[in-house]
Amino acid sequence: MDKHSAIKLIKDTFQNPFDKGRYFYFIKNLLNHIEETPSTIYRGNIIPDAYEKYIHTLDRIGKYQDSKEKEIDILIVHLKKETSLERARTMQRNFIAWYLNGSRGGKLKEAALVAFVSPDQEDWRFSFLVGGNENSHTAQTRLVPLLINDEHNPLLNELEGAFSVEKVTKEFFEKYRDLFLRVKDSLDEVVKANKKIREDFTLKNVNTVDFAKKLLGQIVFLYFLQKKGWFGVERDAAWGT
């Protein structure tokens with residue numbers, strides 16, 4: 001698969017509401033080989049009491065074994081609450097840990113690729129938050145290198161690397177640093193060219209470094225509030241409602 005096709009596949013999969021067929025097609029292209037299994041659905045009394053109010057169903061749709069015989073299950077978890085998608089990550093991790101540690105079959109499993117799906121299926125999580133309300137930049141950055149290698153069945157440690165929080169965090173801070181430097185340099189030019197602004201900065205004991213830090217910090221904080229839904233406007237509703 002060429003890079004353009006890989007990016008299109010990621011966008012089609014991750015910038016839309018969850019679709020089981022589209023998700024499975026993506027997984028088959030990501031792993032290059034997958035054993036399709038009869039759908040095994042966990043629901044009702046099979047779900048432990050600790051997760052009953054969060055988890056509607058767990059569906060195993062396939063499994064994969066890498067060349068080192070590490071087994072990976074392909075799962076879909078349908079959640080009961082919208083808030084469980086973004087605010088209950090610990091619960092999600094613990095639930096999958098329960099599944100991998102034997103659950104009902106008693107067989108320990110190495111790992112799982114899991115789609116956590118909100119009740120309306122608009123947004124869902126596949127390591128990253130994805131769906132109709134999100135872009136797919138992180139997914140593209142991490143997964144395109146695996147998709148364009150048609151001759152290689154990825155090892156478990158390669159998949160772990162693609163989903164590494166440490167790598168994603170490092171990428172974020174590298175781009176944040178670059179943005180900070182661009183803002184600071186732009187402010188330097190403004191202060192140098194505008195006497196009034198230069199005098200105001202001097203009078204208030206403000207420098208361009210601190211100004212750039214404060215500005216970006218406030219933007220990040222506003223983004224955090226927006227993602228939490230604390231601005232008092234329903235998702236996709238008009239401002240003022």
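Contacts of T202 classified as side-chain contact (heavy atoms from CB on, under 4.5 Å), with partners at least two apart in sequence or in another chain: none. Qualifying ring-ring contact (aromatic ring centres under 6.0 Å, His included) partners for F24, counting only residues two or more places apart in sequence or in other chains: none. The salt bridge (charged side-chain N to carboxylate O under 4.0 Å, His left out) test applied to D59 returns K20, not counting sequence neighbours. When the ring-ring contact (aromatic ring centres under 6.0 Å, His included) test is applied to F95, the partners found at least two apart in sequence or on another chain are Y51, W98. Scored by the salt bridge (charged side-chain N to carboxylate O under 4.0 Å, His left out) test, D185 finds no partners at all (sequence neighbours excluded). The salt bridge (charged side-chain N to carboxylate O under 4.0 Å, His left out) check on K68 picks up nothing, with sequence neighbours excluded. By the salt bridge (charged side-chain N to carboxylate O under 4.0 Å, His left out) test, E35 pairs with no residue at all, sequence neighbours left out. E52 meets the side-chain contact (heavy atoms from CB on, under 4.5 Å) test with K80; sequence neighbours excluded. Partners of D2 according to the side-chain contact (heavy atoms from CB on, under 4.5 Å) rule, which considers only residues two or more places apart in sequence or in another chain, are H4, S5. The side-chain contact (heavy atoms from CB on, under 4.5 Å) search around E199 returns K195, not counting sequence neighbours. For the ring-ring contact (aromatic ring centres under 6.0 Å, His included) test, residues two or more places apart in sequence or in another chain that qualify with Y176 are F172.
In this structure, N101 contributes its side chain and A97 its backbone to a donor-acceptor pair below 3.5 Å. Remark: side-chain polar atoms of Y99 are not paired, donor with acceptor, to backbone N or O of K109 under 3.5 angstrom. N16 places a side-chain N or O within donor-acceptor distance of the main-chain N or O of D12, the cut-off being under 3.5 Å.
The aromatic rings of H33 and Y64 sit tilted relative to each other, their planes meeting at an angle between 30° and 60°.
Under a hydrophobic clustering in which Ile, Leu, Val, Met, Phe, Trp and Tyr are joined whenever their side-chain heavy atoms come within less than 4.5 Å, directly or via other members, I27 and L155 fall into different clusters. Clustering ILVMFWY residues whenever any of their side-chain heavy atoms sit less than 4.5 angstrom apart, transitively, puts I41 in a cluster other than the one holding F116. Hydrophobic clustering places L179 together with F173 (ILVMFWY residues linked when any side-chain heavy atoms are closer than 4.5 Å, directly or through intermediates).
Distance CG/L79 to CH2/W124: 13.0 Å, rounded to 0.5 Å.
For the residue pair Y23 and V114, the shortest heavy atom distance occurs at OH-C, 3.8 Å. L113 approaches I72 most closely through the heavy-atom pair N-CG2, 3.8 Å. Residues K192 and R198 approach most closely at O-NH1, 2.9 Å, considering heavy atoms.
Heavy atoms of other residues, nucleotides or ligands lying less than 6.0 angstrom from CD of E174 number more than 12.
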Name each donor-acceptor pair under 3.5 Å that joins a side chain in residues 208-219 to protein atoms two or more places apart or in another chain, with its distance.
from	atom 1	to	atom 2	distance (Å)
T208	OG1	D188	OD1	2.7
D210	OD2	N207	ND2	3.1

